[in-house]
Amino acid sequence: MHPNSEMCSYFAYLARRSWKLCGISQAMSWTDSRREVLYHDETPRLRQVLKCRRQIFGFGLGTSVLLALVLLYQSINTDETARVRDRPISYGLPGHLAGVNLGGWLCLEDWFYSGDRGLHVSTVSEHGQGRCLPPAVSNTPWDSEGNLTFQLNQTRGYNFTVKAFSAHRHAFIGEEDLSAIASLGLQMVRLPLTWAAFADALMPLDQKIYGSHNPMTETTIVPDPFYKDQAAFATIPRDWLAEFLVRCAKHGLRVLIDLHAFPGGSSQGTYNGVWPNWPAFWRNKTQIGDAELSQVGLWIIGAAVGWLEHLSDEAKEGLVGITLMNEPAHLNSQEQFAAEEDILRWLAEAAQVFRVSSLPKQGKKLYVQMIDTAFKNFTGTVVPWFFRTFSELERLSWVVADQHWYTAWSTDCDMRADESGSLNCDAPMETIRPKLYKCASSFAETFQNQFGMQMAVSEFSVGTSEDALFACRDRKVLMAFLQEQLSAWDAFGIQGFFWTWRMPFGKIFEPGWSLRWLAGLEETANLPCFQ
């Protein structure tokens, strides 16, 4: 089919689907409330339908103009169109995927580097699964990034530690990765960072410790301000990060900056940087200087937002927005290391830093990450808070409600090679597909009913069990799972970011968690964990 015909068919499909939605249209309730005065004499049902159809008229008019311009452009650029059409843009990934995480790169997780000894996606014992950090570190057990950095600094010295982290950062993600991500049709990457990218924000605690390096160009080692004798971090030069944004923009990609780990640990898990130590962020003061850790977190937010505001225009082209804290207080509902009101108060204060900055006016987004494992009653606590904290206009423009969704820890939607899962890996596809779509769409529908407007699932995967030995590994089964999730996200207007791009040094986890592996692009790691 000619591409022009495909485009016409697609717009026709959108029009038919939009007229159908006028009959139900929960999503249409996002419209401008100022128009309500025009319908005050009509029934609520009729008012909703009329409002929806007036929107569609405007959509259709705008679409017609856009289509005419596109067709004119294509008629002038026939050769270029043919070249783009003939170029392969997909390696077989199904559905629409908005983006992918670059996990395990600038915020380490032990299981990514477990070699051939990894077992669990989320470490379940007090000892982490980390065994290496190629290319410089092998045969070295470690629990979390802070633990590894402190250990290397103590045993191998400052120079080696800086060299090891710099080498890892320049080797793990390269230009080939950005090209491959773009070729798969993705538009965004989510970039998890530790607080050490903004370690100089901690200068009020100790000028010498946190302010002696050039944060734009230098990598140095700084201690965690609470676990100062157990955890340390390698700073991340911000000029290099800005260069990465420019490189992404050249590939047609935009970056979601994600502050993934905070001083003292703000969540429970090896990604918090201080595992196996207890998350101290919410209820403790620093052991270097004298400040509440939660206040130090706001210093970091201020530094991050200020840096983004003053990026070059070229770098801003590669920026979609920021997540101010990943999975705030994850597992708090079980372990009670934070007061729920303190979590929400901090998130509101952090959002205010973004609100008063120039970033909303520049079209940059705030992805507000919320996780149900932090609260006893997520729906009754977090949802009302979200609507109190962000106005309708903000939710329409720069606020994105963000949740994570995994089935690896589910008892209703997991798949396993043994008999303990809700499905077996060898189940027929006609059984697998509807089951997994029902699971994903049930979550997506609840998400939309709770938050509506702009929504993202900034982490999901095709990992079917957290016990990697019993997780499904058949690529056809996993691709079907990916397709059903993407179909659910599309049906409810949700952006999806796959977790994660690659993990060549945690081979047992690759089938469920590496998009590069799923796409058939991952090569066998030539730098093993054990040498």
Side-chain angles (χ1 to χ4, degrees), residues 93 95-107 109 112 121-122 173 181 184 186-194 245 248 253-262 266-267 269 271-272 301 304 308 318-330 343 347 350-351 354 359 364-374 378 382-383 386 390 395 398-409 440 443-444 446-448 450-463 482 485-486 488-490 492-503 512-515:
L93 294 180
H96 173 257
L97 181 60
V100 65
N101 284 271
L102 300 181
W105 183 30
L106 303 181
C107 181
E109 297 192 34
F112 280 60
V121 174
S122 181
I173 296 293
I181 290 169
L184 291 172
L186 277 63
Q187 300 173 328
M188 291 180 281
V189 295
R190 182 172 180 253
L191 181 61
L193 301 173
T194 72
L245 294 175
C248 284
L253 300 170
R254 294 190 299 161
V255 179
L256 173 60
I257 299 293
D258 164 41
L259 297 180
H260 214 73
F262 277 78
S266 57
S267 55
Y271 67 82
N272 72 5
I301 297 301
L308 294 177
L319 176 69
V320 65
I322 186 171
T323 297
L324 298 178
M325 180 182 282
N326 174 69
E327 296 187 352
H330 173 47
I343 302 168
L347 291 174
F354 184 92
L359 294 176
K364 307 309 177 186
K365 306 284 189 179
L366 174 63
Y367 282 65
V368 181
Q369 222 294 298
M370 300 161 286
I371 190 161
D372 59 357
T373 56
F378 181 83
V382 179
V383 174
F386 184 79
F390 302 105
R395 287 180 278 118
W398 53 264
V399 174
V400 181
D402 178 15
Q403 294 194 69
H404 294 166
W405 190 72
Y406 293 117
T407 65
W409 292 270
F443 164 80
T446 300
F447 191 179
Q448 185 190 69
Q450 289 176 332
F451 295 100
M453 298 196 182
Q454 300 185 86
M455 299 173 291
V457 175
S458 62
E459 290 185 22
F460 77 99
S461 75
V462 293
L482 177 61
Q485 290 181 92
L486 294 177
W489 307 160
D490 285 348
F492 290 92
I494 297 172
Q495 287 182 340
F497 292 77
F498 192 88
W499 183 273
T500 185
W501 174 239
R502 65 187 306 241
M503 50 178 63
W513 303 87
S514 168
L515 189 66

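Quantities reported herein were computed from a predicted structural model and do not represent experimental measurements.
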Smallest separation among heavy atoms of [X] and [Y], with atom names:
X: Ala444; Y: Ile494; value: CB-CD1, 3.7 Å
X: Met455; Y: Gln448; value: SD-CA, 3.6 Å
X: Trp489; Y: Ala440; value: CZ3-O, 3.7 Å

*Would a line drawn from the ring center of Phe492 to the ring center of Phe447 be shorter than 6.0 Å?*
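No, ring centres 6.0 Å or more apart.
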*Assess the pair His330 and Trp409: is the distance between their ring centroids shorter than 6.0 Å?*
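No: the rings miss the under 6.0 Å criterion.
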As an exercise, state the distance from [atom1] of [X] to [atom2] of [Y], rounded to the nearest 0.5 Å.
X: Ser461; Y: Asn101; atom1: OG; atom2: CG; answer: 10.5 Å
X: Leu102; Y: Cys248; atom1: CG; atom2: SG; answer: 7.0 Å
X: Glu459; Y: Ile371; atom1: CD; atom2: CD1; answer: 8.0 Å
X: Asn272; Y: Cys107; atom1: CG; atom2: SG; answer: 8.5 Å
X: Lys364; Y: Phe354; atom1: NZ; atom2: CZ; answer: 9.5 Å
X: His96; Y: Gln495; atom1: NE2; atom2: CD; answer: 8.0 Å

Report yes if some heavy atom in the side chain of [X] is under 4.5 Å from a heavy atom in the side chain of [Y]; otherwise report no.
X: Leu186; Y: Phe498; value: no
X: Pro328; Y: Met370; value: no
X: Gln485; Y: Val462; value: yes
X: Tyr406; Y: Trp499; value: yes
X: Ile322; Y: Leu366; value: yes
X: Gln454; Y: Lys365; value: yes
X: Tyr271; Y: Glu327; value: yes
X: Ile173; Y: Leu191; value: no

*Give the intermediate values and the outcome of side chain to side chain contact (heavy atoms under 4.5 Å, CB included) for residues Phe262 and Ile301.*
CA-CA 10 Å; Phe262 277 78; Ile301 297 301; 4.0 Å; yes
*Say whether, by atom type as modelled, one donor and one acceptor occur between the side chain of Ser514 and the main chain of Trp501 under 3.5 angstrom.*
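A pair under 3.5 Å: yes.
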*Taking Asn326 for its side chain and Gln369 for its backbone only, find out whether a donor-acceptor pair lies under 3.5 Å.*
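No.
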*Could you walk me through whether Tyr367 and Phe497 pass the side chain to side chain contact (heavy atoms under 4.5 Å, CB included) check?*
CA-CA 12 Å; Tyr367 282 65; Phe497 292 77; 4.2 Å; yes
*Taking Asp402 as the fixed residue, which of Thr323, Leu256, Val368, Asp258 is the one that meets the side-chain contact (heavy atoms from CB on, under 4.5 Å) rule?*
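Between Asp402 and the candidates, side-chain contact (heavy atoms from CB on, under 4.5 Å) is satisfied uniquely by Thr323.
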_Stepwise side chain to side chain contact (heavy atoms under 4.5 Å, CB included) check, Leu515 with Leu97_ = CA-CA 11 Å; Leu515 189 66; Leu97 181 60; 3.8 Å; yes
*Show your reasoning for whether side chain to side chain contact (heavy atoms under 4.5 Å, CB included) applies to Leu347 and Leu324.*
CA-CA 8 Å; Leu347 291 174; Leu324 298 178; 6.0 Å; no
